[in-house]
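In each ligand, atom 1 is the first atom listed, and ligand 1 is the first ligand listed.
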Amino acid sequence: MKKIGVFTSGGDAPGMNAALRAVVRGCIYYGIEVYGIRYGYKGMIEGDIIPLNSHSVSNIIQRAGTVLKSARCQEFREPEGRKKAFDNLKKFGIDALIAIGGDGTFTGAKVFFEEHAIPVIGIPGTIDNDIYGTDKTIGFDTAVNTALSAVDNIRDTADSHDRVFFIEVMGRDSGYIAIQSGIGGGAEMVMVPETKTTINEVIEALQKGWSRSKTSSIVVIAEGDEEGNAFEISEKVKARVKDLKDIRVTILGHVQRGGTPTAQDRILASRLGLSAVEGLRDGKSGVMVGVINDEVTFTSFGDSITKQKPLNKDLIRMVEILSI
Ligand code: F6P
């Protein structure tokens with residue numbers, strides 16, 4: 001293995017730059033040439049490929065987003081697109097890949113690896129923390145802290161005006177951001193796709209609080225919750241409760257994708273970046289590198305994409321007990 005190509009793909013996540021820096025510096029340390037593929041699979045197809053050196057990744061460890069840029073690419077789903085991409089890699093002499101992204105990125109990497117037999121290792125970078133084979137994905141910790149600080153801010157207003165706030169957080173089909181920001185922010189209720197919460201249960205939790213003289217309440221809702229988005233849920237609650245206190249809805253949205261990466265995200269990203277390079281050197285391929293119980297682990301792309309990462313049910317139980 002002489003030349004590694006590295007790219008970021010799918011939604012950006014704080015800490016991706018720290019992972020890139022570790023890949024580049026790791027390659028240099030082991031005497032491997034390294035190329036950046038800009039805009040993910042799109043750049044691979046278009047030949048948007050640049051050489052990277054130690055200075056290319058200076059001063060980026062603290063920056064969110066991805067300096068390599070990212071894109072979602074339809075063309076790579078077709079064999080012709082992947083063939084173009086492979087021909088470009090050959091042109092540059094790239095003989096191994098490191099893919100930083102989420103499950104969509106790994107789905108592409110798996111097909112590509114099976115079709116063209118190019119060694120590839122994935123690094124989990126997504127705020128959703130929905131990837132099997134790692135305790136945390138890069139960006140999750142930062143996103144939770146961003147959501148948490150928004151919940152704290154909103155609580156000030158909820159308290160001053162005796163209001164009920166429905167706050168929607170990101171996570172796609174996963175409730176990780178919701179449960180952690182909800183517990184950290186002392187929410188009265190958290191709604192996640194992993195466990196069904198009925199509208200009646202939400203109402204019950206709110207009423208219990210009011211009966212104990214609570215004047216304000218916060219309900220944190222994961223965007224993938226099956227009862228609908230925060231507006232729909234607030235309407236359903238309104239329709240069933242007479243004399244409901246003042247209600248407001250806040251959708252946090254993409255504010256959760258940016259912001260200075262936390263120490264945890266930078267350290268995780270640095271560790272995964274270097275381990276990916278070392279994994280390729282050891283002959284690993286078709287796998288994602290993760291950290292489980294503080295140990296670096298490698299999980300097949302197949303498992304990382306298809307296996308469900310369970311949400312700790314104990315956390316859900318805690319919300320109910322602690323919000324009395
Ligand atoms: O996967 C990260 C994520 O931010 C999800 O939480 C969200 O559902 C989605 O991406 C939003 O995607 P986009 O940035 O393309 O709107």
Side-chain angles (χ1 to χ4, degrees), residues 7-19 38-43 63-77 99-109 122-151 166-182 184 190-194 220-233 249-262 265 268-269 272 288 290 301 304-309 311:
F7 61 97
T8 52
S9 167
D12 64 325
M16 278 183 163
N17 284 329
R38 287 162 33 90
Y39 294 99
Y41 292 119
K42 183 170 169 281
R63 284 172 57 190
T66 162
V67 294
L68 277 184
K69 311 271 186 164
S70 191
R72 304 195 196 272
C73 178
Q74 204 53 37
E75 209 183 337
F76 196 78
R77 289 169 192 255
I100 308 172
D103 55 357
T105 305
F106 298 158
T107 305
I123 297 179
T126 163
I127 63 164
D128 300 336
N129 199 31
D130 57 350
I131 311 268
Y132 179 89
T134 189
D135 289 339
K136 301 271 165 61
T137 54
I138 297 168
F140 171 63
D141 189 61
T142 308
V144 167
N145 279 292
T146 303
L148 182 59
S149 113
V151 171
F166 292 86
I167 305 174
E168 183 180 303
V169 299
M170 276 188 168
R172 210 178 285 270
D173 300 321
S174 153
Y176 269 93
I177 298 178
I179 196 74
Q180 297 224 347
S181 58
V190 178
M191 299 176 77
V192 292
E194 289 85 350
V220 174
I221 300 164
E223 66 174 340
D225 189 82
E226 59 183 69
E227 282 293 349
N229 65 31
F231 282 106
E232 289 161 346
I233 290 171
V249 174
T250 305
I251 296 186
L252 296 186
H254 287 81
V255 70
Q256 296 157 99
R257 285 252 291 271
T260 306
T262 58
D265 271 331
L268 174 68
L272 294 179
M288 179 202 85
F301 278 141
S304 75
I305 297 160
T306 55
K307 286 199 176 167
Q308 195 67 26
K309 179 162 165 177
L311 187 68

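By the 6.0 Å contact criterion, NZ on Lys69 is open, its count of non-hydrogen atoms from other residues, nucleotides or ligands being 12 or less.
Residues Phe7 and Tyr39 keep their aromatic ring centres 6.0 Å or farther apart.
For the 3.5 Å distance criterion, the side chains of Asp265 and Thr142 qualify, holding a donor opposite an acceptor. For the residue pair Thr262 / Asp141, a side-chain donor-acceptor distance below 3.5 Å is found, with atom types taken as modelled.
At a heavy-atom cutoff of 4.0 Å, ligand 1 is contacted by the side chain of Glu223 but not by its backbone.
In this structure, Gly171 has a heavy atom closer than 4.0 Å to ligand 1. Under a 4.0 Å heavy-atom criterion, Arg72 is in contact with ligand 1.
Any N or O atom pair closer than 3.5 Å counts here, and Met170 shares no such pair with ligand 1.
Nearest heavy-atom pair, Gln308 versus Tyr132, reported as atom, atom and distance to 0.1 Å: O-CD1, 3.7 Å.
Nearest protein neighbour of atom 16 (O) of ligand 1, counting heavy atoms only, is His254 NE2, 3.3 Å. Looking from atom 3 (C) of ligand 1 to the surrounding protein, the closest heavy atom is Arg257 NH1, 3.5 Å. Of all protein heavy atoms, the one lying nearest to atom 5 (C) of ligand 1 is Asp128 OD1, 3.4 Å. When only non-hydrogen protein atoms are considered, atom 9 (C) of ligand 1 lies nearest to Arg172 NH2, 3.5 Å.
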Taking it one step at a time, do Met170 and Leu252 satisfy side chain to side chain contact (heavy atoms under 4.5 Å, CB included)? CA-CA 8 Å; Met170 276 188 168; Leu252 296 186; over 6 Å; no

